2 protein chains.
Amino acid sequence: MRHDDLTQIRKLPLFSKMSDAHFASLMKAALFQRFPEQVILIEEGHRPDFLHVVVEGSVELFARHRGRETTIEIIAPVMTFILAAVAQDDVYLKSARTLTPARILLIPAQAVRDMIGRDAAFAHAMISELALRYRGIVRALKNEKLRSGSERLANWILRTSREQENSNTIELGYEKRTLASRLGMAPENLSRALLQLAKHGVASRGRKIEITNRKALTSFASPDPLLDS
Amino acid sequence: MRHDDLTQIRKLPLFSKMSDAHFASLMKAALFQRFPEQVILIEEGHRPDFLHVVVEGSVELFARHRGRETTIEIIAPVMTFILAAVAQDDVYLKSARTLTPARILLIPAQAVRDMIGRDAAFAHAMISELALRYRGIVRALKNEKLRSGSERLANWILRTSREQENSNTIELGYEKRTLASRLGMAPENLSRALLQLAKHGVASRGRKIEITNRKALTSFASPDPLLDS
DNA sequence: GTGCCAAACTGATATTTGTCAATTCAAATT
DNA sequence: AATTTGAATTGACAAATATCAGTTTGGCAC
């Protein structure tokens, strides 16, 4: 693990306020691992052993039920995941797999729970992080229930562009089918939705999606801070 | 406010572990109010003033977007709501209205946030509560993305029955349209879904829903602890 | 470059879900 | 008991989404 990685992890809201000694103790207990792409990191229904921190690469959180599968979210560096299961010491509700080769820090779940009792600043950061995540999922649920597939796609494009300094070109870091699942639609319908968005300022070639008319796209998408992050 | 109400609130996981003095201080700052039915308690986009605790009656949490409206959850006594917005001191993502006449305790948001720093047991209870709620919404999202409308209805019937000591008769405490919105479907489709479930051990007359063949219903519903609470 | 393979796209069709209109029903009031 | 009123239901239809099959495309190995 590089020194630079450690600095970035330390800067995460979850860890930034705790004492140096406590942070060092967590890191000492942690494992740092590399994984190839398409490796299952977590299986829903299992008990949590580690809090995961993606340092490099991307991770898909998904769930299965009766042969169907859906993507819940896609985790980009540097970010923790499955915090709630660790906090509650209860089974995972989501599975996780790497979408790309990834470097991941594994902090023993028990160490995290112990730290809640030892470091008040960490406990407060946990509250803040869980509340933030809760609100993220509420937005995702509203997005799912209140918008059509093409609307979700349009807003996803705008948000992703924003996350990349408002670049008009988005390079998809994974397969389109994964995006389709994330957006709650069949891969075929993602194709058609992209075709439909051509009328609203979006061009798509291969893994590149380009915003050609941001005003038109925004008008079609109706972004809303209460639905989009 | 009755003494009995106070006892019940004190027993909530969120408040049960904190010191008597701190609990008393929260309650002293709180207001207790009665509301008629169909009163808007909270509007999405506003800043949180109070943590709400439903003591009697039921409250619908819903959200709007571009003329559409959907129910997120229905809160029954005794339960808190909009905890995450209070914790983060950020705008509500949901609106709330009473479905029945209700008695509600209003705890000033600032007092709740202050208490996090003063009472470690309360801070820990907040972590636990937020993690639990987070997992609840993840289940709701999975339920929405992985099941059809009738499947959601079938599982809702089973879960509600379980919450009422496995009674085979469920008395709906609110309008069917509210249930339809909660289940993410049009009221007309709820009617049709109920008709369809007649083939799977469900009878429905007015506001009563009866399970006539639990085995058949369970087989159709495929309940799953990773999707249903 | 050529060939190969999986992913993506396209068209046809089925299924699910939503919408609109008309009717029935049920609860509440008089 | 009759009346009233809004909710619920039903039927017809429209729109959205899923599924299946066949075709094209883009990236990768050789």
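Proteins come first, then strands; the chains are lettered A, B, ... in the order of their sequence lines, and each starts at number 1. Keep in mind the model is a prediction, meaning the values are calculated, not measured.
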**Student:** Please figure out whether G206(B) or S148(A) has its closest DNA chain D nucleotide nearer the 5' end.
**Tutor:**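 Nearer the 5' end of the strand: G206(B).
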
**Student:** Is it true that E56(A) and R34(A) have a side-chain N and a carboxylate O under 4.0 angstrom from each other?
**Tutor:**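 Looking at E56(A) and R34(A), the cut-off is not met.
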
**Student:** Would you say a side-chain N or O of N189(B) is under 4.0 Å from OP1 or OP2 of dT17(C)?
**Tutor:**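 Result: no.
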
**Student:** Measure CD/E144(B) against C1'/dT17(D) and give the value in whole Å, please.
**Tutor:**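 These atoms are roughly 14 Å apart.
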
**Student:** Expressed as a whole number of angstroms, how long is the span from K145(A):NZ to dT17(D):P?
**Tutor:**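 In whole Å, dT17(D) P lies 16 Å from K145(A) NZ.
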
**Student:** With salt bridge (charged side-chain N to carboxylate O under 4.0 Å, His left out) as the test, pick out the partner of D5(B) among K11(B), R10(B), R103(B).
**Tutor:**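 Among K11(B), R10(B), R103(B), the one that satisfies the salt bridge (charged side-chain N to carboxylate O under 4.0 Å, His left out) with D5(B) is R103(B).
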
**Student:** Rounded to whole Å, how long is the line connecting atom CG of L153(A) with atom P of dA16(D)?
**Tutor:**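 Between P of dA16(D) and CG of L153(A): 15 Å.
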
**Student:** Could you check how far CZ of R192(A) sits from C1' of dA8(C), rounded to whole Å?
**Tutor:**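 Answer to the nearest Å: 12 Å.
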
**Student:** Between dT9(D) atom P and L195(B) atom CG, what is the distance in whole Å?
**Tutor:**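 L195(B) atom CG is separated from dT9(D) atom P by 9 Å.
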
**Student:** In whole angstrom, what separates L183(B)'s CG from dA8(D)'s P?
**Tutor:**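 Distance, rounded to whole Å: 13 Å.
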
**Student:** Among K94(B), R177(B), R64(B), whose salt bridge (charged side-chain N to carboxylate O under 4.0 Å, His left out) with E69(B) holds?
**Tutor:**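 Among K94(B), R177(B), R64(B), the one that satisfies the salt bridge (charged side-chain N to carboxylate O under 4.0 Å, His left out) with E69(B) is R64(B).
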
**Student:** Whole angstroms only, please: what is the CZ-C1' distance between R147(B) and dT17(C)?
**Tutor:**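 That distance rounds to 18 Å.
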
**Student:** List, one per line, each side-chain donor-acceptor pair under 3.5 Å for residues 210-217 of chain B, sequence neighbours excluded.
**Tutor:**
unit_1	atom_1	unit_2	atom_2	d
E210(B)	OE1	R205(B)	NH1	3.3
T212(B)	OG1	G201(B)	O	3.2
N213(B)	OD1	K215(B)	N	3.3
N213(B)	OD1	A216(B)	N	3.0
R214(B)	NH1	S161(B)	OG	3.4
R214(B)	NH2	S161(B)	OG	2.8
R214(B)	NH2	N166(B)	O	3.3
R214(B)	NH2	N168(B)	OD1	2.7

**Student:** Would you mind telling me which of dG18(C), dA7(C), dT10(C) lies closest to the side-chain atoms of E175(A)?
**Tutor:**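 Per side-chain heavy atoms of E175(A), the pick is dA7(C).
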
**Student:** Taking the nucleotide of DNA chain D with the closest heavy atom to each, which residue, K176(B) or S150(A), is nearer the 5' end?
**Tutor:**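 Checking each residue's closest nucleotide, the 5'-ward one belongs to K176(B).
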
**Student:** Between P on dA14(D) and CD on E188(B), what's the gap in Å once rounded to a whole number?
**Tutor:**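 Taking CD of E188(B) and P of dA14(D), I get 16 Å after rounding.
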
**Student:** Out of dA7(D), dT9(D), dA18(D), which nucleotide sits closest to the side chain of S191(B)?
**Tutor:**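 Looking only at heavy atoms from C-beta outward on S191(B), the closest nucleotide is dT9(D).
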
